[in-house]
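First up is the structure itself, then whatever we jot down about it.
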Protein chains: 2
Amino acid sequence: MPVAAQVRQRLARRIAGEISLSDSPGRVMRKWREMFHIQQIHLAESLGVSPSVISDYESGRRQSPGTKTIKRFVENIITLDEQNGGQVVNAFQRMMGVEIPTNIILDISEFTNGITIRELLDGVRGQIVTGEELLERELLGYLMIDTSEALDVLSSTGFLKLFEATEDRALILVNVSTGRSPLVALKGEIRPSLFVLHGVEQIDYLAIELAKREQVPLAISRLESIGGLLRRLQALRKQTPNDEQRADGYDR
Amino acid sequence: MPVAAQVRQRLARRIAGEISLSDSPGRVMRKWREMFHIQQIHLAESLGVSPSVISDYESGRRQSPGTKTIKRFVENIITLDEQNGGQVVNAFQRMMGVEIPTNIILDISEFTNGITIRELLDGVRGQIVTGEELLERELLGYLMIDTSEALDVLSSTGFLKLFEATEDRALILVNVSTGRSPLVALKGEIRPSLFVLHGVEQIDYLAIELAKREQVPLAISRLESIGGLLRRLQALRKQTPNDEQRADGYDR
DNA sequence: CAGATATTACGGTAACTGACGAACTATTCG
DNA sequence: CGAATAGTTCGTCAGTTACCGTAATATCTG
């Protein structure tokens, strides 16, 4: 089996398993649909059903969807992403080796055409703290994680693996208190090209020192909400859509 | 989360995912029930339903079981095994790191109280080919794999990992042609305590040489069918049942 | 081959899924 | 604000699931 198909299958099994074992399958379905940046309408279209059906599942009106439904759901979200250049599947592929619990992942994507650190920071209203000289470096994607959750479930080697998995990408840490804990895990050679902290009141001096010493750009975002951050990241993803695949008049 | 719970969860997700994505969920359910050495009657009892219900699922009368059903099914087979000493879950735990496709696994279990190589060979009517001096070594479990299938899907490092995962255990290879291909993969330090080949007409001279050189006992089984082999292995598993858990008069 | 054990096949029924569509509510943006 | 966009709610209904129980088969084991 080709590698791509294998990754696809592993991811599919993972999602399907999570849905089936959940006490509220609908919530998990929603989580994954959102992780794949797919709207109900587009998913519905792809499944050949009315959008209200998706909403009924996600809201829990249907409490125990059958395997056929789950299978169609999982295969469709993955296929839709693949048709879109595999931005999410490919990003996940890097995570697969790491065994990261998906509940710490708030958002993940590759950029179809890389964007620079400067462009990303402009997009999310981020202020660079250290590493100004690297603003023109290209980012291939980003990963946004829930730091407080991650600190609970990840060991320091877990963080290290996360850093390795985000090589050449931006690691966006939200729900950060001081920034110290994640940054101290920074040891290996392979690391993200950019750290963005969100939700810090008082940034830790050691975090800044470490970022300087380890030569990794560090920025903070002072956006109000995580939702706003997410929306701005979406806008960056969309900047260069894969036009060949778009014949239906929609501009996703 | 304790390690045991994590293994349990990973296995549960895997099974649930496989069921949900299958075109015939019932067949997959049967596969796993059998892998866990649980009878329909006992599973039904544990689920609080009539045995015909299980049969209906497995035979495919119900084509798209709901998540509730899948969840209950998966959790019950795992719990039943755990109540029984975790013979299968623990055996699987060693496989988890290896990422072995489950379709090559025909049977897997730990022995609650180890048995010797001699006892196992007596039980399955096996004839030792080389390694007579090691007949009194203890085996902690066994793994039975479909060799022809394994040769298709496993690389030689895949085999090596399989060998590592069966340290102190018996590796029973069925559908073997000459025994050469699996044995040549034998290189590392960590390896099964016993190879049993089933279905060989003419055992390969190189296989014997390798087993001798690598000091690993090699035996062949001349039993008619794989089914017979499976049944005899069952008998060995049952030899020392975990009596405290048995208050219902059944002798599983 | 008998007798026990395990599994299947199937008719029946209440509850629920899978789907529609129309009306409704948020949210964003010029 | 008003339109556009995204998602929700809900009545409705045909088809299916989830379950039972019983009778009919397999499958072992002595």
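By convention in this document, chain letters (A, B, ...) are assigned in the order of the sequence lines, proteins followed by strands, and residues within each chain are numbered from 1. Excluded from the calculations below are hydrogen atoms, water molecules and symmetry mates; all remaining heavy atoms, backbone and side chain alike, are included. Predicted model, so just to flag it, every value in this text is computed and none were measured.
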What's the NE2-C1' distance between A:H37 and D:dG7, to the nearest Å?
18 Å
5′-ward residue of the pair A:Q63/A:P51 relative to DNA chain C
A:Q63
Can you tell me how far P of C:dC10 sits from CG of B:D56, to the nearest Å?
10 Å
Have a look at B:G48 and say if it touches a base, only the backbone sugar-phosphate, or nothing, with a 4.0 Å heavy-atom cut-off.
sugar-phosphate
For the side chain of A:N175 and the backbone of A:S148, is there at least one donor-acceptor N/O pair under 3.5 Å apart?
no
So what does B:R61 hit on the nucleic acid, given a heavy-atom distance under 4.0 Å: a base, only sugar-phosphate, or nothing?
base
Taking atom P of D:dT8 as reference, at what distance in whole Å does atom CZ of A:R27 sit?
13 Å
Can you identify which nucleotide, out of D:dT22, C:dG21, C:dA19, has its nearest atom closest to the A:R72 side chain?
C:dA19
Specify the separation, in whole Å, of atom NE2 of B:H42 and atom P of C:dT7.
9 Å
Taking CD1 from A:I54 and P from D:dT9, how many angstroms apart are they, rounded to a whole number?
15 Å
Ranking D:dA18, D:dT8, C:dT7 by distance to the side chain of A:S64, first place goes to D:dA18
From CZ of A:R62 across to C1' of D:dA14 the rounded distance in Å is 13 Å
Students often get this wrong, so: under 4.0 angstrom with heavy atoms, is B:T69 touching a base, only sugar-phosphate, or nothing?
sugar-phosphate
Is a side-chain donor-acceptor pair under 3.5 Å present for A:H42 with A:E45?
no
Distance in angstrom units between A:R231 CZ and C:dT27 P, rounded:
10 Å
Measuring to OP1 and OP2 of C:dT8, would you say a side-chain N or O of B:Q40 lies under 4.0 angstrom away?
yes
Is the distance between the ring centroids of A:Y57 and A:F73 under 6.0 Å?
no
Is A:R13 reaching over with its side chain to a backbone N or O of B:E18, donor-acceptor style, under 3.5 angstrom?
no
Taken to the nearest whole Å, CD/A:Q39 to C1'/D:dA4 is 13 Å
Ring-plane angle category for A:F92 and A:F36, please: parallel below 30°, perpendicular beyond 60°, tilted otherwise.
parallel
Tell me which nucleotide among C:dT7, D:dC10, C:dA9 gets nearest to the side chain of B:S52.
C:dA9
